[in-house]
2 protein chains.
Amino acid sequence: MKIVLLGSGNVATHLAKALNSEGQDLVQVYSQNLDNAAALAHLVGANAVNDLNNIEQNADLYIISVKDDAIGTVAAFLKNVTGLVVHTSGTTDINVLASQVKKAGVFYPLQTFSKSKDVSFENIPLCIEASDEDQLAFLKGLATKISHQVYELDGEKRKVLHLAAVFACNFPNHLYALANKILNQNGLDFEIIRPLIAETADKVMDNLPENVQTGPAVRADESTIKKHLSMLNDMPELQNIYQTLSNSIKLMPK
Amino acid sequence: MKIVLLGSGNVATHLAKALNSEGQDLVQVYSQNLDNAAALAHLVGANAVNDLNNIEQNADLYIISVKDDAIGTVAAFLKNVTGLVVHTSGTTDINVLASQVKKAGVFYPLQTFSKSKDVSFENIPLCIEASDEDQLAFLKGLATKISHQVYELDGEKRKVLHLAAVFACNFPNHLYALANKILNQNGLDFEIIRPLIAETADKVMDNLPENVQTGPAVRADESTIKKHLSMLNDMPELQNIYQTLSNSIKLMPK
């Protein structure tokens, strides 16, 4: 099976490495920026290209892993290929591809990727979708080679999952950053709070989060909440976040 | 060294187990509820008591691990003891003890405890404070026996740390719960999102969170933000949280 990868960002990079180490044949890596294409292509033994007119036309699979609003533009160059064309976006409808190419699909890894940190792909949930059953079976075969967790999800569910991921990943990370801001302003180092962050995440590996909520808000400890809010008097934005999330915790059914 | 533990909640339980497995002599466990006192006392080979008038008077250390607003009340029964009296609260001033007892201190473990989940105490930051240098040295000696991370922090810094912990632990856990709510309403299981939560926390073990922020807000991807907000139309409270946190992410210096 010959695979063409269109994109060289975080998702493209981690996916390329995972496919390559599973012995898949990546023949070409495209990026607008030839240096980026070359760097990734070199890692996985592919050719680099920065012109969409030069995309290999006879591959079995085309993986478009570019910014959401560029997916349609890239797909327009794949109208004549007979291979399956997938994107890796959580929010983009399959029709952005299906309206342009012969065989369309989605191959969405639910994870937060940084170029600097390796992740074990086998533990990453892969959400797949395809325009027909044959293509779905084909994608599933590939997905199960690189991940233990493969989910067939339609576009609506995938979008819900992407939204949930913002709450479970992007927002918690921002709260870690706000905690660090509070610590730094008082001469304390982020290191002191790392074990707490690790344990908080670890706790929900075997429990549901609503069953292990701790802190002043869930205890309705108004005296502590009041003290905390007054400590944030010179950071009105953090005060607002504290109030908003504490109120939301109080509203959760117990 | 003889230790009396006043309290039988999550912190008291985990602390008692850690001290006991380090060979410390817990002589008495107090709780208003005798069954609770007996259950914990049994675990660590201590006597159970539910009357503050019957507290052993000749111990070397008294650890008060009760609700914040009950600390002063409990301490009032320890006015005549010569041993050191500490509390385990992040937010309570040392003076709540120092105004009543001869020797006062604080022994605050920065962690989120559930009775059902064991934690390795050695990786838990212990924040200590005492009313004089001798007592501080005594507390430090004990603290370093059960934890690799011992911090001498005054009350102001401890309160800052407790506030930061709400942002780094209680609020992220609530966001996990909201993610689960979104998933459940759409027939998806929390299991699918657990690897993402684990990786998000793991990422900040070696990085600062502000350097690894991902998601639509940090990319200023207004089209995705708009779609997400409209998906939350029937959950105005989650919509408000989404908007508030996304705005805050956009305000972070890059």
Side-chain angles (χ1 to χ4, degrees), chain A residues 91 110-112 114 117 119 123-125 151 157 160-161 163-180 182-183 186 188 190 192-201 203-205 208-210 212-215 224 227-228 231 237 240-241 244-245 248-249 251-252, chain B residues 69 91 110-112 114 117 119 123-125 151 157 160-161 163-180 182-183 186 188 190 192-201 203-205 208-210 212-215 224 227-228 231 237 240-241 244-245 248-249 252:
Chain A
T91 48
L110 179 65
Q111 192 49 282
T112 170
S114 311
K117 184 174 187 301
V119 288
N123 297 321
I124 294 177
Y151 296 87
K157 292 218 161 149
V160 164
L161 186 56
L163 172 61
V166 172
F167 279 84
C169 163
N170 306 148
F171 290 164
N173 185 77
H174 179 58
L175 291 167
Y176 305 156
L178 296 181
N180 192 26
I182 294 168
L183 293 171
N186 292 275
L188 291 164
F190 188 65
I192 194 171
I193 215 155
R194 282 190 167 118
L196 180 64
I197 289 173
E199 174 68 13
T200 303
K203 237 182 182 177
V204 299
M205 295 302 113
L208 290 179
E210 51 271 36
V212 293
Q213 184 68 50
T214 55
T224 298
K227 280 182 213 166
H228 282 170
M231 287 168 76
E237 173 212 332
N240 178 35
I241 290 171
T244 301
L245 291 174
S248 179
I249 290 171
L251 288 172
M252 285 295 276
Chain B
D69 54 11
T91 48
L110 179 65
Q111 192 49 281
T112 171
S114 311
K117 185 175 187 301
V119 287
N123 296 320
I124 295 177
Y151 296 87
K157 291 218 161 151
V160 164
L161 186 57
L163 172 60
V166 172
F167 279 84
C169 163
N170 306 148
F171 290 164
N173 185 77
H174 179 58
L175 291 166
Y176 304 157
L178 295 181
N180 192 26
I182 295 168
L183 292 172
N186 292 276
L188 291 164
F190 188 66
I192 195 171
I193 215 156
R194 282 189 167 118
L196 180 64
I197 288 172
E199 174 68 12
T200 302
K203 237 182 181 178
V204 298
M205 294 303 113
L208 290 178
E210 51 271 36
V212 293
Q213 183 68 49
T214 55
T224 298
K227 279 182 212 164
H228 282 170
M231 287 168 77
E237 173 213 331
N240 179 34
I241 290 171
T244 301
L245 291 175
S248 178
I249 290 171
M252 285 294 275

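Throughout, a chain's letter reflects where its sequence line sits, starting with A, and its residues are numbered from 1.
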Quick check on [X] against chain B: is it the side chain, the backbone, both or neither that has a heavy atom closer than 4.5 Å?
{"X": "K157(A)", "answer": "both"}
{"X": "E237(A)", "answer": "side chain"}
{"X": "T224(A)", "answer": "side chain"}
{"X": "V160(A)", "answer": "both"}

Quick one: which of [options] has the most heavy-atom pairs under 4.5 Å with chain A, could you say?
{"options": "N180(B), I192(B), I124(B)", "value": "I192(B)"}
{"options": "A198(B), A201(B), A164(B), G215(B)", "value": "A164(B)"}
{"options": "T112(B), D69(B), I241(B)", "value": "T112(B)"}
{"options": "L175(B), V212(B), I182(B)", "value": "L175(B)"}
{"options": "N186(B), L183(B), L178(B), T244(B)", "value": "N186(B)"}

Give, for atom [atom1] of [X] and atom [atom2] of [Y], the distance between the pair rounded to the nearest 0.5 Å.
{"X": "L245(A)", "Y": "N170(B)", "atom1": "CG", "atom2": "CG", "value": "10.5 Å"}
{"X": "F167(B)", "Y": "H228(A)", "atom1": "CZ", "atom2": "NE2", "value": "9.5 Å"}
{"X": "Q111(B)", "Y": "E199(A)", "atom1": "CD", "atom2": "CD", "value": "4.5 Å"}
{"X": "Q213(B)", "Y": "Y176(A)", "atom1": "CD", "atom2": "OH", "value": "10.5 Å"}
{"X": "T200(A)", "Y": "N173(B)", "atom1": "OG1", "atom2": "CG", "value": "7.0 Å"}

Residue part contacting chain A, namely of [X], when any heavy atom lies under 4.5 Å:
{"X": "F190(B)", "value": "side chain"}
{"X": "V119(B)", "value": "side chain"}
{"X": "T91(B)", "value": "both"}
{"X": "V166(B)", "value": "side chain"}
{"X": "L188(B)", "value": "side chain"}
{"X": "Y151(B)", "value": "side chain"}

Report task. For each of L208(A), N123(A), N240(A), tally heavy-atom pairs with chain B at distances under 4.5 Å, and name the one with the top tally. Result ->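 The answer is L208(A).
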
Query raised in the report: Side-chain contact, heavy-atom cut-off 4.5 Å: L110(B) with P195(A)?
Result: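 L110(B) does not reach P195(A) side chain to side chain.
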
Report task. Determine, step by step, whether M252(A) and E210(A) satisfy the side chain to side chain contact (heavy atoms under 4.5 Å, CB included) criterion, reporting the C-alpha distance in whole Å, the side-chain angles of both residues, the deciding distance to 0.1 Å, and the verdict. Result -> CA-CA 8 Å; M252(A) 285 295 276; E210(A) 51 271 36; 4.1 Å; yes

Query raised in the report: Looking only at heavy atoms, what is the nearest atom pair of C169(B) and T214(A), with distance?
Result: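 Smallest interatomic distance, heavy atoms only, reads SG-OG1, 4.2 Å.
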
Query - From CA spacing to verdict: side chain to side chain contact (heavy atoms under 4.5 Å, CB included), K227(A), L163(B) - result: CA-CA 9 Å; K227(A) 280 182 213 166; L163(B) 172 60; over 6 Å; no

